[in-house]
Amino acid sequence: MSLELVLELYDYHWWANRRLCQHVDGLGEELAGRDVGPQFSMPSVLRMLAHIYGADAIWLARWKGSSPASLPGGDIATLTELRARWDALEAEQRAFLDALADADLTRSIAYRSNEGQPFQLLLGPLLRHVANHATHHRSEVATMVTMLSGSPPDTGIVSYELMRTGQVPG
């Protein structure tokens, strides 16, 4: 995987996160905070979005050489707070990615899990993991939103590309 492809993947990742969050903002705090059921990874849309944020944050910290003992974001109480923290995190992710060279994708990253277990993987697969992880949980958010209020907007890569290239309105 090239750095160019990683940067394209993250542009999509950030777009999809923002698109879904904007839709959820329109639902309001009450619906976003409503417990939708134990069948999901997290019980509410807000908690699920905060989980995606937290995973992005913990992996960025690991790539930078630290290993937080817990996933950030569990204390986020509102959609407004989530958006502010996510905007700051996205800026930090962009700065990290912009500083990478192709050779960095094969750099070994040593980190500890939340339980303290040591692991070591290459940066390239870890970068792919974060975007893929978010895709999984965005699908859960989409299902939750559908249950609460109707289908959310499409966050597929083809839709992103068509909007990015101006072929359909954003």
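Computed over heavy atoms, backbone and side chain alike; hydrogens, waters and symmetry mates excluded.
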K.L.:
Give me the ring orientation class for W59 and Y111: parallel if the planes are under 30° apart, tilted from 30 to 60°, perpendicular past 60°.
P.N.:
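If you compare the ring of W59 with that of Y111, the planes turn out perpendicular.
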K.L.:
What orientation do H137 and H133 show, parallel under 30°, tilted 30 to 60°, or perpendicular over 60°?
P.N.:
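H137 vs H133 ring planes: perpendicular.
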K.L.:
Check whether any side-chain heavy atom of L79 sits under 4.5 Å from a side-chain heavy atom of L46, and report yes or no.
P.N.:
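Yes, close enough: below the 4.5 Å cut-off.
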K.L.:
Does R47 use its side chain to pair, donor to acceptor, with the backbone of I76 at less than 3.5 Å?
P.N.:
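Pair found, side chain donor or acceptor close to backbone of I76.
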K.L.:
Could you walk me through whether M144 and M48 pass side-chain contact (heavy atoms from CB on, under 4.5 Å), step by step?
P.N.:
CA-CA 10 Å; M144 295 168 116; M48 190 75 74; 4.0 Å; yes
K.L.:
According to a 4.5 Å side-chain heavy-atom criterion applied to Ile, Leu, Val, Met, Phe, Trp and Tyr, with indirect links allowed, do L148 and L49 form part of one hydrophobic cluster?
P.N.:
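Same cluster: L148 reaches L49 through Ile, Leu, Val, Met, Phe, Trp or Tyr contacts under 4.5 Å.
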K.L.:
Strictly by salt bridge (charged side-chain N to carboxylate O under 4.0 Å, His left out), give each pair with a member in residues 7-20 just once, sequence neighbours left out.
P.N.:
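Listed once each, the pairs are D11-R94, R18-E90.
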K.L.:
Tell me, which pairs form a salt bridge (charged side-chain N to carboxylate O under 4.0 Å, His left out) where one or both residues lie in residues 124-140, sequence neighbours left out?
P.N.:
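Passing the test, one end in residues 124-140: no pairs.
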K.L.:
Under a 3.5 Å distance rule, please check whether D104 uses its side chain to pair with a backbone N or O of A101 as donor and acceptor.
P.N.:
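Side chain of D104 to backbone of A101: a pair is present.
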K.L.:
Has T146 got a side-chain atom pairing as donor or acceptor with A142's backbone, closer than 3.5 angstrom?
P.N.:
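At least one qualifying donor-acceptor pair exists.
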K.L.:
Can you tell me which residue pairs pass the salt bridge (charged side-chain N to carboxylate O under 4.0 Å, His left out) test with a partner in residues 158-170, sequence neighbours excluded?
P.N.:
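Pairs touching residues 158-170 that pass the test: E161-R164.
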K.L.:
With a 3.5 Å cut-off and no angle check, do the side chains of E4 and S2 form a donor-acceptor pair?
P.N.:
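Not at all, the side chains of E4 and S2 share no donor-acceptor pair under 3.5 Å.
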K.L.:
Quick one: do R34 and E29 make a salt bridge, cutoff under 4.0 Å?
P.N.:
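Between E29 and R34 there is no salt bridge, as every charged N stays at least 4.0 Å from the carboxylate O atoms.
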K.L.:
Once you round to the nearest 0.5 Å, how far does CH2 of W15 lie from OG of S159?
P.N.:
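The distance works out to 5.5 Å.
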